[in-house]
Protein chains: 2
Amino acid sequence: MSAAREDVVHEIAARRLRGVGHRYTGQRRRLIDILARAGQPLSIPEILHGRRGLAQSSVYRNLSDLVDAGVARRVLTGDEFGKYELSEDLTEHHHHLICSSCGRTTDVTLPRPLEKRLDRVIDDVAHAAGFADVIHRLDAIGTCSDCARR
Amino acid sequence: MSAAREDVVHEIAARRLRGVGHRYTGQRRRLIDILARAGQPLSIPEILHGRRGLAQSSVYRNLSDLVDAGVARRVLTGDEFGKYELSEDLTEHHHHLICSSCGRTTDVTLPRPLEKRLDRVIDDVAHAAGFADVIHRLDAIGTCSDCARR
DNA sequence: CTTCCTGCAAAAGTTTTGCATTAAC
DNA sequence: GTTAATGCAAAACTTTTGCAGGAAG
């Protein structure tokens, strides 16, 4: 995919964090790695699971800082937990397939022309309602193959 | 808009609740009224605010029952609270403009042809990934006019 | 009159905060 | 050396649950 190479992602993350007065510490670098390798949004319990040396409170604080710096974003899945992923300019514009039964979330992309048309229409509608700097969030919610079997 | 008249909404709500073994009580009827008149998703604090005779726990329970019966749905706004609205077959298919700064949420609709194309493409993509019974959720997130002024 | 719903209070579960210690620059 | 980040524990906040009393069918 068109995602930036990992070292470039780290450079960008470091720059943006410094831009908002934060340091690029080991734990923050590690979180970026975890999110970059996941390829799907992760909840804090998922991030903590099987990894040592990460205090829950620090992970919450750091993900929040990464969001503030524009390096990550919080995804709403209807799961009980919030999930996090790298921001789109570090990966690529994509959408989510969310299983309404188990919360499983998969990244998907749509054809370029459809995306462009969507963006135009949404921009028009949003401006008419007085909204500025609008991005869109399009997710599909259904039943994944595992849950359909039950 | 093409929304059903209020009394029809109540009939449908009553039928669907009975269908899952629930009664159509005064409080449930009242919640339907509140959601129907709001024209935008409401959080539980918003529902409780300025209304007497609604116990918080019962509102949580009843909204959950309304969702189970297919009369309402839970909307994720990034606000700290979950918000609820009537299900789309009782109103009409629409989307949300969400202010990332203050959480203000406004309903909007998109052109029919775009919606149809979206549905087709999402259906294809979802099926390819093994998902069934997919609906789409498209929201626009930006800055509302009030927050832009600050 | 039996079953489900309601309200209150308490519990559970996710996220945030205070503070002393440690690491970054 | 100064300022910010970390880990632990405790607190805050949203949502769920237990239970006794009340309403629905």
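Here is the naming used below: chain letters follow the sequence lines, and residue numbers restart at 1 for every chain. Nothing here was measured: the structure is a model prediction, and the numbers come from that model.
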### Query
With respect to the side chain of A:R23, which nucleotide from D:dT3, C:dC8, C:dT16 is positioned closest?
D:dT3
### Task
Please check the phosphate of D:dA5 (OP1 and OP2 only) for any side-chain N or O of A:N62 closer than 4.0 Å.
no
#### Entry: Short side-chain N/O contact to D:dT6 OP1/OP2 from A:T25, under 4.0 Å
yes
### Query
Is it the case that B:Q40 and B:H96 place a side-chain donor and acceptor less than 3.5 Å from each other?
no
### Query
Out of curiosity, does B:I34 fall in the hydrophobic cluster containing B:Y24 (side-chain heavy atoms, cut-off under 4.5 Å, transitive links)?
yes
### Task
Could you tell me whether A:D65 contacts a base, only the sugar-phosphate backbone, or nothing, with contacts defined as non-hydrogen atoms closer than 4.0 Å?
nothing
### Message
Just to be sure I understand the rule, does A:G21 reach a base, reach only the sugar-phosphate, or reach nothing, if contact means heavy atoms closer than 4.0 Å?
### Response
nothing
#### Entry: B:R61 or A:Q56, whichever maps to the more 5' nucleotide of DNA chain D
A:Q56
### Query
Please give, in whole Å, the distance from C:dT17 C1' to A:L63 CG?
17 Å
### Query
Are A:V8 and A:V71 connected in the hydrophobic side-chain network, where two residues link if heavy atoms are under 4.5 Å apart?
yes
### Query
Reckon A:Y60 has a side-chain N or O less than 4.0 Å from the OP1 or OP2 of C:dT15?
yes
### Query
B:R74 near the nucleic acid: base, sugar-phosphate alone, or nothing, with a heavy-atom cut-off under 4.0 Å?
sugar-phosphate
### Query
Considering heavy-atom distances to DNA chain C, does B:L54 or A:S58 have its closest nucleotide positioned more toward the 5' end?
B:L54
